[in-house]
Amino acid sequence: MLDIKLLREQPEWVKAQLARTGTDGTLVDEVLAFDEQRRRLLQEVESLKAERNAASKAISKMQDAAQRDLRIAEMRVVGDRIAALDRAVAEVEAAQRLALLSIRNLPHPDVPDGASEDENVVLMQSGELRAFDFGPKPHWELGEALGWLDFERGVKLAGSRFYLLRGNGARLQRALIQWLLDLHGQQGYSEVYTPFVVKEQCMWGAGQLPKFRDNLYRDEDAGLWLVPTAEVPVTNIYADEILDAAQLPIYLCAYTPCFRREQMSAGRDVRGIKRGHQFDKVEMYMFVRPEESAAALEKLREDAAETCRLLGIPYRIKALCTGDLGAAATRTYDLELWSPGVQEWLEVSSCSNVEAYQARRANIRYRPEPGARPDFVHTLNGSGLGVPRTMIAIMENYQQPDGSIAVPDVLQPYLGGTQFLT
RNA sequence: GGAGAGAUGGCAGAGUGGUCGAAUGCGGUCGUCUUGAAAACGACAGACCCGUGAGGGUCCGUGGGUUCGAAUCCCACUCUCUCCUCCA
């Protein structure tokens with residue numbers, strides 16, 4: 001959510017920033033129209049309330065019964081008027097808030113302008129692409145041959161885009177998750193285990209609603225929503241709280257499964273495990289003082305890059321352009337692992353500084369100094385890493401001519417020292 | 001799932017229609033005293049909204065109702081605790 005004061009004071013500038021992302025400024029005008037209406041109503045109703053408060057006080061002290069009854073009759077009319085105005089204010093406020101919640105975040109000035117993902121900027125690439133003396137296979141062929149991936153049974157259980165991981169495939173994934181969590185612990189992130197379902201309020205707080213309603217699973221009876229990313233529960237941990245400045249920064253990491261309906265990507269990435277309705281992810285998350293968030297994003301990116309480096313897989317880092325930036329982000333780096341089987345760079349991490357966008361929605365504040373007014377924190381999130389795509393990259397980069405998979409050095413201790421998995 | 005109790009400021013806790021944004025204690029900040037600290041004493045101190053300002057308004061779990069006026073009365077809901085029941 002943007003600061004309403006920013007919209008009031010610099011509406012044209014805000015619209016210009018939105019235009020950089022290909023968003024028109026209609027909602028800005030809508031918010032401001034509601035804002036004007038709301039303030040007009042507020043001034044009227046509040047002066048009536050002031051009158052009522054004064055009159056109530058006076059009535060309690062009146063001795064003359066006739067005079068008192070007269071005044072009470074007068075105030076009955078005022079009370080009705082107040083009730084009607086209060087309802088009108090609530091309606092306008094709700095409409096204004098919905099419009100404000102629907103406006104995306106503004107891009108950071110340094111974000112490269114561009115219309116689509118084609119104009120993202122590759123900042124660096126690291127690691128040698130492996131030279132194969134045989135034709136590298138895609139992971140679905142490797143996985144089915146090894147008995148690790150069972151697509152048919154997954155579909156039988158839950159429908160398309162679901163699969164089973166079996167045997168050493170399941171063990172490799174478990175090892176990967178545990179290694180990622182341990183590594184992030186060393187990098188300074190404290191591990192947190194969260195609910196995998198959340199209240200609707202949390203979806204608004206993290207910015208999933210109203211925009212991504214169609215992409216979310218929910219249990220209507222229970223009023224609970226399945227998390228599409230750990231970012232959702234973690235963001236809301238400190239919702240409606242005022243943190244001590246001394247507590248900041250807070251670095252957290254969390255493993256969760258992620259559930260996404262993928263209604264918008266029908267027909268895309270249907271082979272293999274690149275895009276499922278359920279996938280695992282380890283997430284890094286930061287709550288920081290506003291002045292620290294720019295540097296925090298660099299740390300986040302470096303920490304994600306370290307995981308790629310330690311896995312020994314070629315990776316590259318992209319700066320997303322304005323046209324590809326997520327709705328909540330001011331600035332995002334994507335990390336991609338090279339996968340020789342499918343011959344593509346796989347997005348395994350997205351590191352974003354959302355500044356106060358989520359903090360304002362979820363009402364997460366901190367007190368800069370003792371006794372000072374609270375202010376919103378900045379939050380950042382980054383995958384570390386998306387698990388299935390990392391699995392793809394491991395399988396395809398470490399595949400052997402006989403179809404077995406070499407285990408990256410860092411994962412061997414998590415698999416009893418095993419060097420090759422079959 | 002059943003029965004009962006409860007939800008008030010950072011914490012504990014009083015308050016059953018107007019004098020309550022709210023006693024008191026602890027904690028907090030500042031000051032006095034002190035070489036320094038502690039103790040003692042004194043003062044200050046919530047969040048949000050409207051207003052250039054003076055000032056005004058809202059907030060006692062949430063939502064609704066009664067009333068000229070609600071922390072206080074009524075209704076619904078949510079959550080917490082205790083006991084019973086059941087189950088990883």
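Labels below follow one simple rule: chain letters A, B, ... track the order of the sequence lines, proteins then strands, and each chain is numbered from 1. Because the structure is a prediction, the values reported are computed rather than measured.
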Measuring only the [atom1] atom in each nucleotide, how far is [N] from [M]? A whole number of Å is fine.
{"N": "B:G10", "M": "B:G17", "atom1": "C1'", "value": "30 Å"}
{"N": "B:A47", "M": "B:G53", "atom1": "C1'", "value": "22 Å"}
{"N": "B:G13", "M": "B:G18", "atom1": "C1'", "value": "24 Å"}
{"N": "B:C59", "M": "B:G21", "atom1": "C1'", "value": "9 Å"}
{"N": "B:C60", "M": "B:G6", "atom1": "C1'", "value": "15 Å"}
{"N": "B:A76", "M": "B:U66", "atom1": "C1'", "value": "15 Å"}
{"N": "B:A14", "M": "B:A71", "atom1": "C1'", "value": "12 Å"}
{"N": "B:A39", "M": "B:C33", "atom1": "C1'", "value": "11 Å"}

Would you say [N] has OP1 or OP2 under 4.0 Å from some side-chain N or O of [X]?
{"X": "A:R8", "N": "B:C50", "answer": "yes"}
{"X": "A:R40", "N": "B:C50", "answer": "no"}
{"X": "A:R39", "N": "B:C49", "answer": "no"}

Check whether the side chains of [X] and [Y] place a donor and an acceptor atom closer than 3.5 Å, and report yes or no.
{"X": "A:E283", "Y": "A:Y189", "answer": "no"}
{"X": "A:E302", "Y": "A:Q187", "answer": "no"}
{"X": "A:E344", "Y": "A:S339", "answer": "no"}
{"X": "A:D280", "Y": "A:Y255", "answer": "yes"}

Rounded to the nearest Å, what distance is computed from the [atom1] atom of residue [X] to the [atom2] atom of nucleotide [N]?
{"X": "A:K57", "N": "B:G17", "atom1": "NZ", "atom2": "P", "answer": "19 Å"}
{"X": "A:Q67", "N": "B:C68", "atom1": "CD", "atom2": "P", "answer": "18 Å"}
{"X": "A:K5", "N": "B:G51", "atom1": "NZ", "atom2": "C1'", "answer": "13 Å"}
{"X": "A:R76", "N": "B:U66", "atom1": "CZ", "atom2": "C1'", "answer": "12 Å"}
{"X": "A:D35", "N": "B:C50", "atom1": "CG", "atom2": "C1'", "answer": "11 Å"}
{"X": "A:I82", "N": "B:C68", "atom1": "CD1", "atom2": "P", "answer": "12 Å"}
{"X": "A:R360", "N": "B:C49", "atom1": "CZ", "atom2": "P", "answer": "11 Å"}
{"X": "A:Q43", "N": "B:C50", "atom1": "CD", "atom2": "P", "answer": "10 Å"}

What is the base-pairing partner of [N], counting Watson-Crick and G-U wobble geometry with both distances under 3.5 Å?
{"N": "B:A38", "value": "none"}
{"N": "B:C44", "value": "B:G28"}
{"N": "B:G4", "value": "B:C81"}
{"N": "B:C86", "value": "none"}

Show each protein N/O and nucleotides 69-72 of chain B N/O combination with a separation under 3.5 Å, one pair to a line.
unit_1 : atom_1 : unit_2 : atom_2 : d
B:G69  : O4'    : A:S56  : OG     : 3.3

Does the [X] side chain pair with the main chain of [Y], one donor and one acceptor, at a distance under 3.5 Å?
{"X": "A:N168", "Y": "A:T422", "value": "yes"}
{"X": "A:E396", "Y": "A:H139", "value": "yes"}
{"X": "A:D244", "Y": "A:A246", "value": "no"}

Side-chain ion pair, A:R20 and A:D113, N-O less than 4.0 Å: yes
A:D269 bridged to A:R161 by N-O distance under 4.0 Å: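 Looking at A:D269 and A:R161, the cut-off is not met.
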Contacts to RNA chain B from residues 83-101 of chain A, heavy-atom cutoff under 4.0 Å, which residues?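 Heavy-atom contacts with RNA chain B come from no residue of residues 83-101 of chain A; none.
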B:G18 base / A:R68 side chain donor-acceptor hit below 3.5 Å: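 Such a pair is found, so the answer is yes.
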By salt bridge (charged side-chain N to carboxylate O under 4.0 Å, His left out), which residues pair with A:E144, not counting sequence neighbours?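 Residues passing salt bridge (charged side-chain N to carboxylate O under 4.0 Å, His left out) with A:E144: none at all.
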Taking the side chain of A:E46 as its heavy atoms from C-beta onward, which of B:C68, B:G56, B:A47 lies nearest to it? B:G56
For A:W148, is the NZ or CZ atom of A:R166 found under 6.0 angstrom from the centre of its six-membered ring and inside 45 degrees of the ring axis? no
Touch class at under 4.0 angstrom, heavy-atom based, for [X] against every strand present:
{"X": "A:A50", "result": "sugar-phosphate"}
{"X": "A:K49", "result": "sugar-phosphate"}
{"X": "A:L42", "result": "sugar-phosphate"}

Protein within reach of the bases, or only the backbone? For nucleotides 74-81 of chain B, mark each nucleotide 5' to 3' as B, S or -, using heavy atoms under 4.0 Å. --------
Taking atom CD as the centre, does A:E220 end up with more than 12 heavy-atom neighbours from other residues, nucleotides or ligands that are less than 6.0 angstrom away? no
Identify, with sequence neighbours excluded, every residue that meets side chain to side chain donor-acceptor pair (under 3.5 Å) alongside A:D324.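 For A:D324 the side chain to side chain donor-acceptor pair (under 3.5 Å) partners, ignoring immediate neighbours, are A:N120.
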Partner residues of A:F287 under the ring-ring contact (aromatic ring centres under 6.0 Å, His included) criterion, sequence neighbours left out: A:Y238, A:Y285
